[in-house]
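Here's the structure, in structure tokens; my notes come after.
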Amino acid sequence: LAKTTQPISMDSYEGQEVNITCSHNNIATNDYITWYQQFPSQGPRFIIQGYKTKVTNEVASLFIPADRKSSTLSLPRVSLSDTAVYYCLVGFNNAGNMLTFGGGTRLMVKP
Amino acid sequence: GAGVSQSPSNKVTEKGKDVELRCDPISGHTALYWYRQRLGQGLEFLIYFQGNSAPDKSGLPSDRFSAERTGESVSTLTIQRTQQEDSAVYLCASSRGEWGTDTQYFGPGTRLTVL
């Protein structure tokens, strides 16, 4: 099982770019990397997913180096509403393989 | 379209009582997951269903916890003889069950309080 490690918390200010890195040293060949966002009293919500190199969508970018042992979620120009917990998930949905959430990173965006 | 729904949204029970938590996944999603999240903590995996079978029950914390899924749809998580440490938000998620690029869609959770 690929275990993930993330910083417990981060602080930022409105308008800044935020980069959250997740370590997953024993990621398997077939594993994808997915990031979720969770607001208080809500279930997690999908943000972005990737396998290698770089993925970008309307919300974020995901950078994955060649060895895939880490990944970085990049949030451009954060706003107060981006204050949430961000989870890195590494896994492969297959019978017998468990998808494991890390502890999450609590991002606080200040005015 | 409709997302994942869970009921009840809140449940308060007395220690020693049994509770049943329900999850209605997105129609057509073959995979279903249960997680537990204690206050201020991360997500703790409990059990995973592919169709109606549960290939991975490794996360169930004790034999007081059980889950079933019928008709590749609704799932019920049952906690018997509840204890105060069972107090948490119980989250359900479903997915298409596709290889590699699967995305989980979460419900709003059931907040369980054991007095």
Side-chain angles (χ1 to χ4, degrees), chain A residues 1-9 20 22 27-52 55 57 59-60 62 64 68 83-108, chain B residues 3-7 9-10 21 23-26 29-60 88-113:
Chain A
L1 299 173
K3 181 179 177 181
T4 60
T5 304
Q6 305 173 231
I8 294 174
S9 65
I20 306 174
C22 177
I27 187 170
T29 302
N30 292 332
D31 284 343
Y32 277 71
I33 301 156
T34 311
W35 284 81
Y36 290 80
Q37 176 191 55
Q38 186 178 28
F39 296 113
S41 302
Q42 295 185 24
R45 184 183 69 162
F46 172 88
I47 300 176
I48 196 167
Q49 184 181 73
Y51 183 82
K52 63 180 180 180
V55 179
N57 62 22
V59 177
L62 179 59
I64 305 168
R68 304 199 329 118
T83 294
V85 178
Y86 292 82
Y87 291 96
C88 165
L89 176 63
V90 176
F92 184 88
N93 184 35
N94 182 22
N97 286 355
M98 189 174 77
L99 299 175
T100 307
F101 277 87
T105 297
R106 190 172 300 273
L107 173 65
M108 174 68 72
Chain B
V4 177
S5 61
Q6 293 185 244
S7 60
S9 56
N10 280 284
L21 312 180
C23 173
D24 284 87
I26 293 173
H29 279 192
T30 61
L32 186 146
Y33 310 79
W34 282 99
Y35 296 87
R36 178 169 69 178
Q37 187 170 36
R38 292 197 168 102
L39 186 64
Q41 303 296 311
L43 284 84
E44 177 186 3
F45 171 83
L46 297 179
I47 190 169
Y48 153 67
F49 287 91
Q50 182 63 42
N52 292 336
S53 63
D56 191 347
K57 303 180 182 179
S58 61
L60 293 176
V89 175
Y90 289 82
L91 289 159
C92 173
S94 71
S95 71
R96 290 193 181 92
E98 295 171 342
W99 290 76
T101 61
D102 212 34
T103 299
Q104 296 180 54
Y105 295 85
F106 284 81
T110 293
R111 182 176 299 278
L112 174 66
T113 303

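Below, chain A is the first sequence line, B the second, and so on; all start at residue 1.
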Tell me the closest heavy-atom pair linking A/R106 and B/G40, and the distance in Å.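 Taking A/R106 first and B/G40 second, the nearest heavy atoms are NH2-O, 3.9 Å.
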Closest heavy-atom pair and its distance - B/Q37, A/Y87: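 Here B/Q37 and A/Y87 meet closest at NE2-OH, 3.0 Å.
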Under 4.5 Å heavy-atom distance to chain A, tell me which part of B/E44 shows up: side chain, backbone, both or neither.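 Neither part, no heavy atoms under 4.5 Å.
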In terms of heavy-atom proximity below 4.5 Å to chain B, should A/Y36 be classed as side chain, backbone, both, or neither?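 Contact with chain B involves the side chain of A/Y36 alone.
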Is there a side-chain contact (heavy atoms from CB on, under 4.5 Å) between B/L91 and A/Q42 once you walk through the steps? CA-CA 9 Å; B/L91 289 159; A/Q42 295 185 24; over 6 Å; no
Taking it one step at a time, do B/Q104 and A/T34 satisfy side-chain contact (heavy atoms from CB on, under 4.5 Å)? CA-CA 10 Å; B/Q104 296 180 54; A/T34 311; over 6 Å; no
What is the distance from atom OG1 of B/T103 to atom CD1 of A/I47, rounded to the nearest 0.5 Å?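 Rounded to the nearest 0.5 Å, the OG1-CD1 separation comes out at 12.0 Å.
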